[in-house]
Amino acid sequence: MRLFIAEKPSMAREISKCLPENKNIQKRNGYFIQGDDVVTWVVGHVLHQAEPGDYDDKYIRWRPQDLPIVPSEWKLLVTDSSRQQFEVVKDLIGKADIIVNAGDPDREGQLLVDEVLYFVGNTKPVQRILLNALDEKSIRSALGDLRDNKDFHNLYQSALARARADWLIGMNLSRAYTLSERYKGHKVTLPIGRVKTPTLALVVRRERELADFKPVDYFTVKILYAHVNGTFWATWQPKDEQKGLDPDGRLINKEIAEELVKRLEASPSGVIKSVTKSKKKDPQRLPLSLSSLQVLAGKAYSYDPQTVLDTAQKLYEKKLTTYPRSDCEYLPPNQYGDRMAILDNLTQSGDEKLSVWAQKADRNIKSRAWNEKKITAHHAIIPTTVACNINNLTQAERNIYFLISQAYIAQFYGEHVYEQTKIVVGQCDEEFVANGRVVIEDGWKSLYKRQKSKNNIDNDEPDLTDERGAESDSKKDAIEEADHLPSVRKNDDVQYTDSSVDAKQTKPPSRFTPSTLLQAMKEIHKFVKNEELKKQLKAVSGIGTEATRANIIDELISRGFMQTSGKKQVLSPTDTGYLLVDALPDELLYPDETAVWEERLALMSEGEDTLDSFLTDQIQFLRHLIEKLGFDKQVGRDQMMPNVVRTISSQNSKRPLDDMQVDISKLPECPSCKKGRLQQRTGKFGAFIGCTNYPSCRYTQPVNEVSQNANTNIEVPAESKRYLCPRCKKGYFVKQNMRGRTTWLCSNRSACKTQCTDVDGVPSIYVNQNK
């Protein structure tokens, strides 16, 4: 018997339909039978990693002396919800003669099936099938190209390393920093994640950049020159030694601009110092990976990354598009022949644009996308050879299918060809530059001509031709390009005829949206703290994986660390997000370490790094951070620890606390029962203030009746001005005696509610920062 183990029932069903035996498929409880072949599935992770308390009961209680917790032998446990299916798979493995790993063609797909085989002690031969699409042709082709599963052992090791590193970081550092904060009096839990934490920190730092941003006024000088063949505008290029420039080379003194114009008017003759013409080509944009699809859909339709992934998954299961969690933007040359069927289908898809584009496509063009050397376990997301009637899809499915098909059709249009001209004019010992760009052939960009998005704000039409995503915004201050420049030659005379001194202002960085944050995770080299790492990490595919980035962003929102607002779903951190980031060191907040780990995981999948070496370095990293917390130096550790540990372990016997908790002692006392505290809640009629002693006490009051003291700014003594509030950067921490305990409050109470406890006469936030 040959046993296929797929990742989902839907995949198992499609495989069973394409097996060689031409017999009726028999459905059983948890598997399909097709002749001598059996196809079953694992429904995601049927196994999960044991928690600290499963290794030793002493780890149920959170104690600093136990850290770091490092299993000598790693344990997996059967997930309760998947136990029945696990038993089915285990029984079938025992009966099989040969096994085929039919997990998704990526790192996690390899792990899902391999970990089950290792867990049950399988010794039977194992093959691997790589399914990039679920249509019949693709499955039959993959069945004819089964590989030895041993060829993918390094991929399995890489996935295992990722899982164990996440466990080590999450289990140990969540405990360590939670205990550290609780010793300072903060009743909070700090869930630390190898990827989640630096991702949240990106949003917090961006928000603080915006709060600190002070716009700079600057001026540009443009001159209109007359030539015998026509006129053109040129922009002044000040010399490095020019007075009145800021450190970024912008002119901030308007008088200098006006004096320059007067000089030019007095001596209006200029000369063409140089003319540079070059014919340039933009190759066809690459087909889409999941990340590029998510960014594109965010720009075009304001879809969040998780919606894009879920929609692409539905199209995949309908056999209309290929595997959605691909990190690859290239295509295997052996699928070039499928272009005829795919383009023919798109002409009949029911979408007017796709139909016209597919009919006009040049099917003899072979773009740079067809590159075998660039293919990993999967290829770019493209339409399959299955015909699609777009009218039978939901609106989201139609839009995502459109973007995938558009990028595929673009491979059969010519390169975008244009002529770029640069004219340098000399006048009064100054230089002025004019750039011109004349399109010779639209080529593939004719498919992307500034199409309007229905959901776009301010009638902006998103530019979908730029594969750099958010990076393209950084080019806005470049010299403007004219559609046409007159024909000129070096040493030609030109005459000053007019001028324009334009007042401009620097713009703040944009807040992240889910799609641009995902782009930042992918291009993480731009955000590392160590400048020397930037080049090294540029080739790395970022932090997280194609399959997990959307979920990470979604989880940070759902767990209340950041929030979205507006139609564009602009992201901003919550108070909880600020609190978490402010409590942690740079090693966890900047993506440097995580990006290096991702690079090592990629090397491991190629056999160029090892699991043991990787985990040894993770443990060393853990020890370093835990030692920096200095638990043995905490004030009153021996007295405080039992209460702290008892509080944590009583709330959850095994798992680290997942939710940030409110310090109830800091809430106002309930005026009715005198036992509970007043806390804001949300009911079916909106927000209200209620007693924490509910249901024993049912006292409520409107939100606007909360004490106005919280909105009153505090007078700042001179000695307190050394403790600037790290959140608002406007107020200072002022020591206050609240209900018998010392607390530091931000003096800017009307706009900032930051507060922290006192540690030896110093705000606890500053104690943590100085370690």
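When a residue number appears, it is its place in the shown sequence, counting from 1. Both backbone and side-chain heavy atoms feed into the values below; hydrogens, waters and symmetry mates do not. Every value quoted in this text rests on a predicted model; they were computed, and no experiment measured them.
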Would you give the length of the straight line joining atom [atom1] of [X] to atom [atom2] of [Y], rounded to the nearest 0.5 angstrom?
X	Y	atom1	atom2	result
Leu331	Ile382	CG	CD1	5.0 Å
Thr321	Leu315	OG1	CG	4.5 Å
Gln519	Thr513	CD	OG1	10.0 Å
Glu415	Glu441	CD	CD	9.0 Å
Arg206	Leu210	CZ	CG	7.0 Å
Arg559	Leu580	CZ	CG	9.5 Å

[Y] backbone acceptor or donor facing [X] side chain under 3.5 Å:
X	Y	result
Arg363	Phe412	no
Gln34	Ser16	yes
Glu7	Asp104	yes
Gln420	Asn435	no
Thr384	Lys319	yes
Gln406	Leu447	yes
Thr574	Gly560	yes
Gln85	Gly30	yes
Ser292	Ser289	yes
Ser405	Tyr401	yes

Looking only at the side chains, is there a donor atom on one of [X] and [Y] sitting less than 3.5 Å from an acceptor on the other?
X	Y	answer
Glu606	Ser158	no
Thr311	Glu397	no
Asp106	Tyr323	yes
Thr564	Gln569	no
Asn399	Gln395	yes
Ser81	Thr79	no
Thr545	Arg107	no

Can you confirm whether [X] is buried at [atom1], in the sense that more than 12 heavy atoms of other residues, nucleotides or ligands lie under 6.0 Å from that atom?
X	atom1	result
Lys314	NZ	no
Gln505	CD	yes
Lys374	NZ	no
Lys281	NZ	no

Does the side chain of [Y] come within less than 4.5 Å of [X]'s, by heavy atoms?
X	Y	value
Ile552	Ile543	no
Glu115	Leu160	no
Phe561	Pro191	yes
Leu393	Leu320	yes
Asn132	Ser138	no
Pro383	Ile404	yes

In chain order, what residues pass the side-chain hydrogen bond (donor to acceptor under 3.5 Å, both in side chains) check against Gln359, with sequence neighbours excluded? Ser355
Please determine if [X] and [Y] form a salt bridge, counting it only when a charged side-chain N lies under 4.0 Å from a carboxylate O.
X	Y	value
Arg325	Glu108	no
Glu14	Lys17	yes
Asp166	Arg162	yes
Asp282	Arg437	yes
Arg285	Glu329	no
Asp327	Lys522	no

Anything under 30° is parallel, anything over 60° is perpendicular, the rest tilted; go ahead and classify [X] against [Y].
X	Y	answer
Trp357	Phe402	tilted
Trp370	Tyr408	perpendicular
His416	Tyr418	tilted

Which heavy-atom pair separates Ser349 from Leu354 by the least distance, and what is that distance? OG-CB, 4.0 Å
How far apart are the closest heavy atoms of Ala341 and Thr385, and which atoms are they? CB-CG2, 4.2 Å
In this structure, is the centre-to-centre distance between the rings of Phe32 and Trp41 below 6.0 Å? yes
Tabulate below the donor-acceptor pairs under 3.5 Å that side-chain atoms of residues 196-205 make, not counting sequence neighbours, or state none.
unit_1	atom_1	unit_2	atom_2	d
Thr197	OG1	Gly193	N	2.9
Thr197	OG1	Gly193	O	3.1
Thr199	OG1	Val195	O	2.8
Arg205	NH1	Leu589	O	3.4

If the condition is ring-ring contact (aromatic ring centres under 6.0 Å, His included), which residues does Tyr330 pass it with, not counting sequence neighbours? none
